[in-house]
*Asks:* 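Sharing a structure below in structure tokens format, with a few things to ask.
Because only heavy atoms are used, hydrogens play no part in the values below, and waters and symmetry mates are left out as well, while side chains stay in. Treat the numbers as computed from the prediction; the structure is a model and nothing was measured. Order of appearance sets the numbers: ligands from 1, and atoms from 1 within every ligand.
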Amino acid sequence: MPVFRFAPSPTGYLHIGNARTALWNALMARKTGGTFLLRFDDTDTERSKPEYAEGILEDLAWLGIPPDRIERQSDRAARYAAVLADFQARGLVYPAYETAEELDRKRKRQQARGLPPVYDRAALALTDADRARFEAEGRQPHWRFKLSGNTVRWQDGVRGECHIETASLSDPILARAGSGKVETGFPSELAQKAMTGGQVLYTFASVIDDADFGITHVLRGEDHVANTAVQIELFHALGANLPQFAHHNLIASATGEEMSKRTGALSLRSFRAEGVDPLAVAIVATLTGTSEAIRPLAGLEALGALLDLSKFSRALTKFDPAEITDLSVKLLHAKPFGLLKEPLAALGIAGERAEAFWVAIHGNVSRLEEARDWWALLMSPQNFAVAETDFLAECAELLPPEPFGSETWSQWIAAIQAKTGRKGKALFMPLRLALTGREQGPELKAVLPLLGRAEALARLVPARRS
Ligand code: GLU
């Protein structure tokens, strides 16, 4: 059974770029009868916050893709410590003591000589005495994984045949030591030190989790392509099966707004606050940068049916956030009344005239809530007329008798034209203002039967309101 995962770090709220990865994974899982696992990459205890984890769950539910299973890296320190201890015992990792400043100086020297800034493995040459001296100075080790130096190849679900020379990469740091007190129960004191108050780094925790949770597909942004070579070597070191890797192209805002979990720009909650349909967000986040056109769809199932990894384009693609709001409006206009009956009733729009009302005004609202204003304007007694009272009184005289049907409006207008000689704006605008109170709005032809004769007359000639 396929197992897909979405692995955000809870350091902010999800933005459209995150939604793209989440939706592709969730919908591919649904389509293949698989599982959608949400993993919180929360090993960075300073930046990870429970309220962001909560927010991510809310945002996924809002999009309509709640996870089938949830895991948290912060629950798994003991497992990571055990694997680190195993790697230490097998000589797959080595302790290094350089400070961030020392590493920075090394990189600058290499760059000055035109060399790639790859870690020089100086720590491999340390003797026991060197290490003891560093520890006596109070330095804590970090643990680097010894890469093979070979070429790592994989068949990427989006990018096809990929290969990376691991000789061109620095040995990755898997964990940094902490200075916490040593507790029993951990496999090795060194490993435990690395976990207590220390930090396991993303690449290490991610591979252990992907292996332990039986992840079959790692579908993520192409900013992770370079990590994949390192991660494949780690899968081999664990003796675990490799998942199918696929790296989708990234999307960027055409308006130049940077997507950032930290600043909240283009966050899902900002669209939610604007009352945007989550399906519009889902369609734009998922289909931008693929061979499928952005268009209204019936729902997530229809969206899922379009998905195929071969449809991703390879280039960074821009989208305009206005596409989301425009699509949201189109989706609203295309919705059958049956689907809106309940949400409209929640706005107080109910009863036997609700459907005719919605049919009349739906083209004039871009958010469902705006229907409430029209309901008040059209469905309860109102007087708006302040000008053209003589003309409106003449119109009132000519208003046909009930019942009002689809022809009533044209009959009335013909009679008014014949009697007053008015046409165009001079004819329609006073009527529109008197009947609806606004210069723009639904077709008056549809408004008239909604108002009924008595209310229409009272709006044309306020004195006639009984
Ligand atoms: N926490 C990582 C990120 O948000 C996960 C990457 C991955 O899918 O492996 O970038």
*Asks:* Do H248 and R220 get their side chains close enough for a donor-acceptor pair, meaning under 3.5 Å?
*Replies:*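 Distance-only check fails for H248 and R220.
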
*Asks:* Going by distance alone, is a donor N or O of one side chain under 3.5 Å from an acceptor N or O of the other, for T43 and Q199?
*Replies:*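 There is no such pair between these side chains.
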
*Asks:* Would you please indicate yes or no on a ring centroid separation below 6.0 angstrom for W24 and F312?
*Replies:*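 Ring-ring flag for F312/W24: true, centres closer than 6.0 Å.
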
*Asks:* Under 6.0 Å from the six-membered ring centre of F36 and within 45° of its axis: does the NZ or CZ of R30 meet both?
*Replies:*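 Pair R30/F36 does not count as cation-pi.
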
*Asks:* Distance under 4.0 Å, heavy atoms only, partner ligand 1: which residues pass?
*Replies:*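 Heavy-atom contacts below 4.0 Å: R5, A7, D41, Y202, S206, R220, H224.
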
*Asks:* With a 6.0 Å cut-off on the ring centroids, do H362 and F357 count as close?
*Replies:*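 Ring centres of F357 and H362 not closer than 6.0 Å.
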
*Asks:* Are R69 and E71 close enough, and set up right, to give a salt bridge (charged side-chain N to carboxylate O under 4.0 Å, His left out), and what steps lead you there?
*Replies:* CA-CA 7 Å; R69 179 175 162 190; E71 296 289 346; 3.0 Å; yes

